[in-house]
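Below is one structure, written out as structure tokens; the observations come after it.
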Amino acid sequence: MIEARHLRVLRAVATTGSFSAAARELGCTQPAVSQQMKALESSAGTPLLIRTGREMRLTQAGEALVRHASGILAGLTAAEEEVAAIAGLRAGRVRLVSFPSGSSTLVPGALAALRAEHPGTRVSLVEAEPPRSVDLLRDGDCDIALAFRYGATGGEWDDLVVRPLLTDRLIGLVPDGHRLADASSVSIGELADESWIAGCPRCRRQLVEVCEASGFTPRIDFATDDYPAVMGLVGAGLGVAVLPELAVESVRPKGARTVAVEPAIEREIVALTLPDLARVPAVAATLDQLSLAAAR
């Protein structure tokens, strides 16, 4: 019989490329990893790994098991959570992944309300940006992923349950003494000659597209995904930026003013889960509380 713990070890070995690295990731010893891999190969009745010197690669059977492991482990998690839910959510567990501005705005109120309603339900939180957060969900490493996207991309989340939460508009940030600091709104074209502060290439893509549609390419002199750093750079008069409204809510800008930007740049904030997990009461209750937090 193939055991779930052996599948977790196999997946870790396949991901890290060695027994020692897998042991570090799993928090156990290398001999323990080796023993569990031997037990799994014995259960499977065929070799799963080929060892050649320092290199290690999967056999065809090993590749097949790794391919199915994530779905199997996610299904087991769903089964465990449903059994716990039958006992009245006294032993429920939800693993949540969120992007940083969601962690500081939507998540705290949602989890506080969930704890008040179901004090036995444990929720863990780690941070990751999409698409990494979505990959964690599909790999069975979390139960809910708080994510965002700029404009719907056909088919990207078709295999998931999508709970829309809110539309988050990006707003402009300019230094206090900027010529547009007192404007209620500005056209993005009015910022064409400014020095810009932007995030990673993926995060800035929507900004660049909007600027180019307005006839210019932004001159990005500073790149950082840290929102307080963006606000600090703007406040020091080193450039302008656009940030999600959720991010501005979570950090008070010093030396900077917020202005509405036209045309509007918006991102859709959603909570994602797997179809099997959506039926788990603890997961469903967390999704409900995230929806209520977004509506406040």
Side-chain angles (χ1 to χ4, degrees), residues 3-12 14-15 25-27 66-149 155-166 246 268-295:
E3 298 184 31
R5 61 193 178 100
H6 294 158
L7 288 179
R8 290 190 176 93
V9 172
L10 175 63
R11 191 174 66 175
T15 301
E25 181 175 298
L26 296 169
V66 169
R67 189 170 62 250
H68 290 288
S70 295
I72 292 170
L73 294 174
L76 285 173
T77 298
E80 291 168 356
E81 294 301 321
E82 285 187 320
V83 170
I86 293 172
L89 290 174
R90 289 191 295 271
R93 182 192 66 174
V94 179
R95 298 166 299 165
L96 177 63
V97 175
S98 173
F99 54 93
S101 57
S103 298
S104 60
T105 54
L106 297 176
V107 171
L111 297 193
L114 182 70
R115 177 175 290 182
E117 189 172 342
H118 302 294
T121 299
R122 295 183 295 111
V123 181
S124 62
L125 172 67
V126 297
E127 288 189 340
E129 299 271 2
R132 175 58 182 155
S133 57
V134 183
D135 290 339
L136 290 171
L137 176 63
R138 289 193 173 111
D139 288 343
D141 293 322
C142 73
D143 304 310
I144 297 173
L146 205 62
F148 61 84
R149 60 182 173 185
E156 66 173 336
W157 293 337
D158 283 355
D159 59 321
L160 305 174
V161 174
V162 181
R163 175 74 70 90
L165 298 179
L166 59 88
L246 282 181
E268 180 188 11
I269 308 296
V270 302
L272 305 171
T273 191
L274 296 170
D276 284 345
L277 291 173
R279 296 193 294 270
V280 177
V283 172
T286 305
L287 291 172
D288 290 341
Q289 292 300 340
L290 286 168
S291 294
L292 290 172

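All values below were derived from every heavy atom in this structure, side-chain atoms included, with hydrogens, water molecules and symmetry-related copies excluded.
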| request: List in chain and number order the residues that pass salt bridge (Lys or Arg N to Asp or Glu O under 4.0 Å) with Asp135, two or more places apart in sequence or in another chain; answer none if no residue qualifies. | output: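 If we apply the salt bridge (Lys or Arg N to Asp or Glu O under 4.0 Å) test to Asp135, skipping adjacent residues, there are no hits.
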| query | Does the Ser98 side chain pair with the main chain of Ser103, one donor and one acceptor, at a distance under 3.5 Å? | reply |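 Here the side-chain-to-backbone pair exists.
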| Sub-3.5 Å donor-acceptor pair from the side chain of Arg95 to the main-chain atoms of Gly140, do we have one? |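 A pair under 3.5 Å: yes.
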Run the side-chain donor-acceptor check on residues 107-117: report pairs under 3.5 Å with partners two or more places apart or on a different chain.
residue, atom, partner, partner atom, Å
Glu117, OE1, Gln289, NE2, 3.2

Heavy-atom side-chain contact between [X] and [Y] under 4.5 Å:
{"X": "Arg149", "Y": "Val134", "value": "no"}
{"X": "Cys142", "Y": "Val126", "value": "no"}
{"X": "Glu127", "Y": "Ser133", "value": "no"}
{"X": "Asp143", "Y": "Leu96", "value": "no"}
{"X": "Val97", "Y": "Leu137", "value": "no"}

Rounded to the nearest 0.5 Å, what separation is found between the [atom1] atom of [X] and the [atom2] atom of [Y]?
{"X": "Leu246", "Y": "Thr105", "atom1": "CG", "atom2": "OG1", "result": "4.0 Å"}
{"X": "Leu73", "Y": "Arg8", "atom1": "CG", "atom2": "CZ", "result": "5.0 Å"}
{"X": "Leu146", "Y": "Leu125", "atom1": "CG", "atom2": "CG", "result": "9.5 Å"}
{"X": "Leu160", "Y": "Leu274", "atom1": "CG", "atom2": "CG", "result": "6.0 Å"}
{"X": "Asp276", "Y": "Leu76", "atom1": "CG", "atom2": "CG", "result": "11.0 Å"}
{"X": "Asp139", "Y": "Thr15", "atom1": "CG", "atom2": "OG1", "result": "8.0 Å"}

| field | Worked check of side-chain contact (heavy atoms from CB on, under 4.5 Å) between Arg5 and Val9 | value | CA-CA 6 Å; Arg5 61 193 178 100; Val9 172; 5.7 Å; no
| message | Checking Asp159 against Arg138 for the salt bridge (charged side-chain N to carboxylate O under 4.0 Å, His left out) test, could you report, in this order, the C-alpha distance in whole Å, the side-chain angles of both residues, the deciding distance, and whether it holds? | response | CA-CA 9 Å; Asp159 59 321; Arg138 289 193 173 111; 2.8 Å; yes
| request: In sequence, state the C-alpha distance, the side-chain angles, and the governing distance for Thr286 and Thr273, and then conclude on side-chain contact (heavy atoms from CB on, under 4.5 Å). | output: CA-CA 11 Å; Thr286 305; Thr273 191; over 6 Å; no
| field | Distance-minimising heavy-atom pair for Ala147 and Trp157 | value |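 Distance-wise, the nearest heavy atoms are CB-CZ2, 4.4 Å.
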| request: Please name the pair of heavy atoms, one in Val270 and one in Pro164, separated by the smallest distance, quoted to 0.1 Å. | output: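 Minimum heavy-atom separation between Val270 and Pro164: CG1-CA, 4.0 Å.
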| Are Arg11 and Asp141 close enough, and set up right, to give a side-chain contact (heavy atoms from CB on, under 4.5 Å), and what steps lead you there? | CA-CA 12 Å; Arg11 191 174 66 175; Asp141 293 322; 3.0 Å; yes
| All side-chain contact (heavy atoms from CB on, under 4.5 Å) counterparts of Arg163, not counting sequence neighbours |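 Partners of Arg163 under the side-chain contact (heavy atoms from CB on, under 4.5 Å) test: Leu165, Ala271, Leu287, Asp288, Ser291.
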